[in-house]
Amino acid sequence: MLQLSFIRENKELTIKGLKKKRFKNPQQVIDELLALDNKRRETQTERDGVLARSNAISKEIGGLMKAGKKEEAEALKTETSTLKIREKELTESLNNYEKSLTEILYQIPNLPHESVPEGATAEDNEVVYESALAKNLPQMSEGALPHWELIKKYDIIDFDLGIKISGAGFPVYKGKGARLQRALVNFFLDEAVKAGYIEIQPPIVVNEDSGYATGQLPDKEGQMYFVNADGLYLIPTAEVPITNLYRDVILKEEELPIKNVGFTPCFRREAGSWGAHVRGLNRLHQFDKVEIVQITKPQNSYQTHQLMCDYVASILDKLELPYRILRLSGGDISFNAALCYDFEVYSAAQQRWLEVSSVSNFETFQANRLKLRYKDENGKTQLLHTLNGSALALPRILAALLENNQTPEGIKLPKVIHQYAGFETI
RNA sequence: AGAGGGAUGGCAGAGCGGUUUAAUGCGGCGGUCUUGAAAACCGUUGACUGUAACAGGUCCGGGGGUUCGAAUCCCUCUCCCUCUGCCA
């Protein structure tokens, strides 16, 4: 959520940013917002005055009662009744203004960083980096299979069993498939710990407050599984519980930056997002992901963003996968992010790029809802910047590993995984 | 799941209808003293809103009510603790 004070002081900048994000009617929405804000402040000033008067009278009555001057006290009481009525009216309209303001603010996306390219769709994303392997994309030999065939051939992932016990999009990993998943998770976690991230095992259900603080609620309510009896949401990503560890927290400067990594299953209803390109492991209701989260001082966040991207790139290099990095355009970037780089791995058999990671800087957008702040060197309380990225999501990595490494002799795993998996070939 | 108790500033903890502008202690910060440190002493120490700056206003788990006046009384929700039960 953007800060009202920022919008008030940077109106034109805000509108310009919203246009880049392809937000409709920015001028009109911001005008409306600021008009409401003015009314809110006028109302609050008046109400504060009424309350100040009431407080003074109450004190006076207290003194008179003590002194035994009952009649004078009674006389003052009559004045407060008028004040009380006015106060009630003002409080009610103040609440209404605040409610409307919050509703509008909830609908306004984060402003894009200046480096975000203009554009409406994924077509306008900018390729900023291609790995060495990506410059010579692997060509599959005759008879190469997509992963959804390979998993059957080697009996390592079973979608039909998943359908039987849960439903579509809940695969069952078996044998070497299960062991490879476990190996990849351990590899990702160990690498992150080596890079200085503190490992976190958070709950995988969260309450409503957490959903609001990281921005899943109120908009994306339908995207999360909901446990009705207890009012809990299954997390769509570890970002939600890990970032919420720092909700309503004022950190000390020396505690920064916060670097956390967590492995969790992720649950997504993906309502209405199924189509031709989501076969097999490309889109699931439940999948595993290792997520990195950082919290930094405002002045450091873009440098940190770059370091996080370098980190993700290093993992993909170690996995020997061809990948490229995209800088998302204003229209394609997520609601919350100021800057987002997508990592895509090339799937040779599908002849497609698969998104395996997004590394985003949210600046103060999440921190504002989280009330996540720190005391700066002048003792002032300031919002922090939050960042996160997948490092990495399992299914599409698995798909690419299977497809790109298939040979007549089986699927040859990259070297770094041998120790972790306990085998070299599937 | 049943019965009972509780939720107050970074922490501990008093206050139970009107100098609460929330006591006191610990911790933090600054100072005096000291070659330096410790100890002692003195001072200082929350968030939000608002203002050009003051002022003013809000916040004692959340929400609602009673009252001229609520941390304090009432209702309600949430969470925590103790005992009993169940259980990986």
Side-chain angles (χ1 to χ4, degrees), chain A residues 1-9 33-102 104-105 201-213 217-218 226-233 241 244-256 258 265 364 366-384:
Chain A
M1 186 163 70
L2 292 177
Q3 296 167 85
L4 241 182
S5 55
F6 176 88
I7 299 175
R8 205 187 296 148
E9 287 155 26
L33 184 80
L34 291 180
L36 263 172
D37 179 46
N38 267 331
K39 281 189 189 160
R40 197 217 89 218
R41 282 188 295 159
E42 272 168 29
T43 310
Q44 174 156 0
T45 305
E46 188 181 349
R47 174 173 171 271
D48 285 356
V50 171
L51 282 173
R53 179 68 189 140
S54 298
N55 288 343
I57 290 174
S58 291
K59 238 172 223 170
E60 231 175 294
I61 291 174
L64 290 170
M65 293 293 236
K66 255 192 184 160
K69 297 177 181 169
K70 258 203 144 171
E71 296 85 44
E72 287 179 48
E74 288 301 325
L76 279 176
K77 281 192 191 181
T78 53
E79 185 184 344
T80 56
S81 63
T82 347
L83 289 174
K84 254 186 112 173
I85 293 168
R86 186 67 187 138
E87 190 267 339
K88 256 208 160 114
E89 288 170 4
L90 290 168
T91 301
E92 202 186 322
S93 51
L94 188 67
N95 287 342
N96 286 336
Y97 286 136
E98 275 172 2
K99 211 178 135 198
S100 312
L101 281 169
T102 310
I104 297 174
L105 281 172
Q201 278 190 20
I204 60 171
V205 292
V206 293
N207 58 27
E208 200 182 21
D209 285 348
S210 297
Y212 273 97
L217 297 175
F226 182 58
V227 183
N228 212 4
D230 298 293
L232 296 169
Y233 295 86
N244 268 284
L245 298 176
Y246 305 95
R247 169 154 50 87
D248 290 320
V249 167
I250 299 180
L251 291 166
K252 296 199 186 86
E253 203 180 351
E254 60 266 27
E255 292 176 283
L256 297 164
I258 299 281
T364 60
Q366 276 187 329
N368 190 29
R369 278 208 211 180
L370 288 159
K371 297 197 177 68
L372 165 55
R373 293 159 294 175
Y374 82 115
K375 278 223 194 291
D376 69 14
E377 49 282 359
N378 303 318
K380 251 190 94 180
T381 315
Q382 272 200 50
L383 290 174
L384 287 161

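None of the values given here were measured: they were computed from a predicted structure. In what follows, every heavy atom counts, from backbone to side chain, and hydrogens, waters and symmetry copies are set aside. Lettering of chains follows the sequences in order, A, B, ..., and the numbering in each one begins at 1.
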Residues in side-chain contact (heavy atoms from CB on, under 4.5 Å) contact with [X], at least two apart in sequence or another chain:
{"X": "S93(A)", "result": "T43(A), Y97(A)"}
{"X": "K59(A)", "result": "none"}
{"X": "N228(A)", "result": "F226(A)"}

- Item | Under-4.0 Å side-chain N/O to phosphate OP1/OP2 contact, N55(A) with U58(B) |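 N55(A) to U58(B) OP1/OP2: side-chain N or O found under 4.0 Å.
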- Using a 4.0 Å heavy-atom cut-off across all strands, classify I61(A) as base, sugar-phosphate, or nothing.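 If one applies the 4.0 Å heavy-atom cut-off, I61(A) turns out to touch a base.
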- Query: So what does T80(A) touch, heavy atoms closer than 4.0 Å: a base, only the sugar-phosphate, or nothing?
  - Reply: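 Here T80(A) touches the backbone only, sparing every base.
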- Message: With nearest nucleotide decided by heavy atoms, which residue, R47(A) or N95(A), maps closer to the 5′ end of RNA chain B?
- Response: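 The residue whose closest nucleotide sits nearer the 5' end is R47(A).
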- Item | Pairwise 5' ranking along RNA chain B for L51(A) and S54(A), keeping only the more 5' one |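 The residue whose closest nucleotide sits nearer the 5' end is L51(A).
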Could you measure between the two [atom1] atoms, the one in [N] and the one in [M], and give it in whole Å?
{"N": "A14(B)", "M": "G2(B)", "atom1": "P", "answer": "30 Å"}
{"N": "G15(B)", "M": "U72(B)", "atom1": "P", "answer": "15 Å"}
{"N": "U44(B)", "M": "U49(B)", "atom1": "C1'", "answer": "24 Å"}

- All stems with RNA chain B, defined as three or more consecutive Watson-Crick or G-U pairs under 3.5 Å: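 The stems are B:1-7 with B:78-84, B:10-12 with B:24-26, B:27-32 with B:40-45, B:46-49 with B:56-59, B:61-65 with B:73-77.
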- Item | Protein-to-nucleotide contact annotation, 5' to 3' order, nucleotides 47-52 of chain B [B base; S sugar-phosphate only; - none; under 4.0 Å, heavy atom] | SSSSS-
- Set of salt bridge (Lys or Arg N to Asp or Glu O under 4.0 Å) partners for R247(A), sequence neighbours left out: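 Salt bridge (Lys or Arg N to Asp or Glu O under 4.0 Å) list for R247(A), sorted by chain: empty.
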